[in-house]
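One structure below.
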Amino acid sequence: MGDEIRRNMALFPIGIVMKLTDLTARQIRYYEQHELIVPARTSGNQRLFSFNDVERLLEIKSLIEKGVNIAGIKQVMNPVSKESEDATVVSELSEVKRRELSDAQLHRLLKQQLIEKRPGKASMIQGQLSRFYNKK
DNA sequence: GTTCTAACA
DNA sequence: TGTTAGTA
C-alpha cells in the first residue's frame, strides 16, 4: 500500500499538468467542475495534482479525442474514489517538494511511475507521457 | 511569474 | 473552449 500514497501524493501545480497532458488549464479546471478529477488544494487554494489525477486526465483526453462528451465520460469512468480524494494534502510538505521538483526530478518521477508494473493502464499512459519525457 | 474565479466576445 | 479581467 506504499504505492497508493505515492500515486495519490499531490505534487504538481496546473502548469506542469498542462505540459504532461497537453490539455489547457481551462479544460483541466472544467473537468474538475464536472467532478471527473478532484485535485487537492494548497492553503492558498492552488490545485495540486497527483499521478492519479494525471492518469485520469489522460484517460479523459483520450476519450475526448474519440468524440465522447462529458456526460459520456462520466458514465464510462468510475466516480472519484474516497481514497484518492483524501489520501493527500500534506500541504506544507507538498509545497516544499513542489519547489524542488523540476525537469530532472520530474523526469525521474515520471520514469519511476511509468516503469511500475501495471499491465492495463500503464501502456496507455506511457504512450501519452512519453512525448513529454523523451523531449527536452 | 503563476494560478484562481468568474464572465463573455 | 478560448480568453480576458482582477486577485492572491
Side-chain angles (χ1 to χ4, degrees):
Chain A
M1 310 212 163
D3 277 355
E4 285 305 312
I5 145 173
R6 193 185 318 173
R7 293 200 196 84
N8 292 326
M9 190 164 45
L11 306 163
F12 7 81
I14 200 166
I16 291 182
V17 176
M18 287 174 66
K19 296 177 185 173
L20 252 37
T21 64
D22 254 48
L23 290 170
T24 65
R26 179 74 166 84
Q27 289 178 297
I28 296 171
R29 295 179 184 125
Y30 180 72
Y31 302 148
E32 178 187 14
Q33 285 194 308
H34 288 266
E35 302 174 281
L36 286 146
I37 53 169
V38 184
R41 295 283 184 147
T42 67
S43 50
N45 199 40
Q46 305 276 99
R47 270 168 268 251
L48 281 185
F49 301 78
S50 65
F51 278 115
N52 259 251
D53 295 322
V54 174
E55 287 176 18
R56 290 182 68 84
L57 284 171
L58 287 175
E59 196 172 333
I60 292 168
K61 183 190 172 191
S62 94
L63 289 172
I64 288 293
E65 292 174 335
K66 288 178 181 176
V68 184
N69 56 41
I70 301 297
I73 295 178
K74 283 183 181 177
Q75 299 177 61
V76 180
M77 289 184 80
N78 6 336
V80 179
S81 68
K82 186 172 301 178
E83 302 83 70
S84 56
E85 251 188 90
D86 51 30
T88 339
V89 198
V90 192
S91 54
E92 292 299 326
L93 192 79
S94 294
E95 294 187 55
V96 173
K97 292 203 170 191
R98 179 156 41 93
R99 295 197 187 85
E100 305 173 344
L101 190 86
S102 269
D103 34 273
Q105 297 200 351
L106 178 53
H107 276 66
R108 184 184 133 285
L109 283 173
L110 284 175
K111 184 166 187 176
Q112 168 186 303
Q113 179 69 13
L114 293 177
I115 286 181
E116 269 180 61
K117 24 76 182 179
R118 269 199 308 176
K121 285 187 176 179
S123 54
M124 178 193 90
I125 298 163
Q126 189 159 35
Q128 308 204 43
L129 282 185
S130 59
R131 264 193 340 294
F132 177 85
Y133 107 163
N134 283 324
K135 71 177 282 189
K136 175 36 173 152

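Only a predicted model underlies this, so the values are computations on that prediction, with no experimental measurement involved. First the proteins, then the strands, lettered A, B, ... as listed; each starts at 1.
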Between [X] ([atom1]) and [N] ([atom2]), how many Å, whole number?
X: A/Arg29; N: B/dA6; atom1: CZ; atom2: P; value: 12 Å
X: A/Phe49; N: B/dT2; atom1: CZ; atom2: P; value: 16 Å
X: A/Ile28; N: B/dT2; atom1: CD1; atom2: P; value: 15 Å
X: A/Glu32; N: C/dT1; atom1: CD; atom2: P; value: 15 Å
X: A/Gln46; N: B/dT5; atom1: CD; atom2: C1'; value: 12 Å
X: A/Asn45; N: C/dG6; atom1: CG; atom2: P; value: 20 Å

Which atoms form the tightest heavy-atom contact between [X] and [Y], and what is the distance?
X: A/Ile60; Y: A/Met77; value: CG1-SD, 3.6 Å
X: A/Val68; Y: A/Ile64; value: O-CD1, 3.4 Å
X: A/Pro39; Y: A/Asp53; value: CA-OD2, 3.7 Å
X: A/Leu36; Y: A/Arg56; value: O-NE, 2.8 Å
X: A/Leu20; Y: A/Leu58; value: O-CD2, 4.2 Å

> Is there a donor N/O on one and an acceptor N/O on the other, under 3.5 Å, for the side chain of A/Arg26 and the base of C/dT3?
Replying inline: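 Such a pair is found, so the answer is yes.
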> What is the pairing partner of B/dA7, taking Watson-Crick or G-U wobble pairs with both distances under 3.5 Å in any strand?
Replying inline: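 Base-paired to C/dT3.
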>> Strictly by Watson-Crick or wobble contacts shorter than 3.5 Å, is anything paired with B/dT2, and which nucleotide is it?
In response: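 Looking at the geometry, B/dT2 pairs with C/dA8.
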Tell me whether the OP1 or OP2 atom of [N] has a side-chain N or O from [X] closer than 4.0 Å.
X: A/Tyr30; N: B/dT5; value: no
X: A/Arg47; N: B/dT5; value: yes
X: A/Gln27; N: C/dT1; value: yes

>> Which nucleotide wins on minimum distance to the side chain of A/Thr24, given the candidates B/dC4, C/dT1, C/dG2?
In response: C/dG2
> Among B/dT3, C/dT1, B/dT5, which nucleotide sits nearest the side chain of A/Arg41?
Replying inline: B/dT5
>> Applying a 4.0 Å non-hydrogen cut-off, can you work out what A/Ile64 is touching in the nucleic acid: base, sugar-phosphate, or nothing?
In response: sugar-phosphate
> Given that A/Ile14 and A/Gln33 both sit by DNA chain B, which one's nearest nucleotide is further toward the 5' end?
Replying inline: A/Ile14
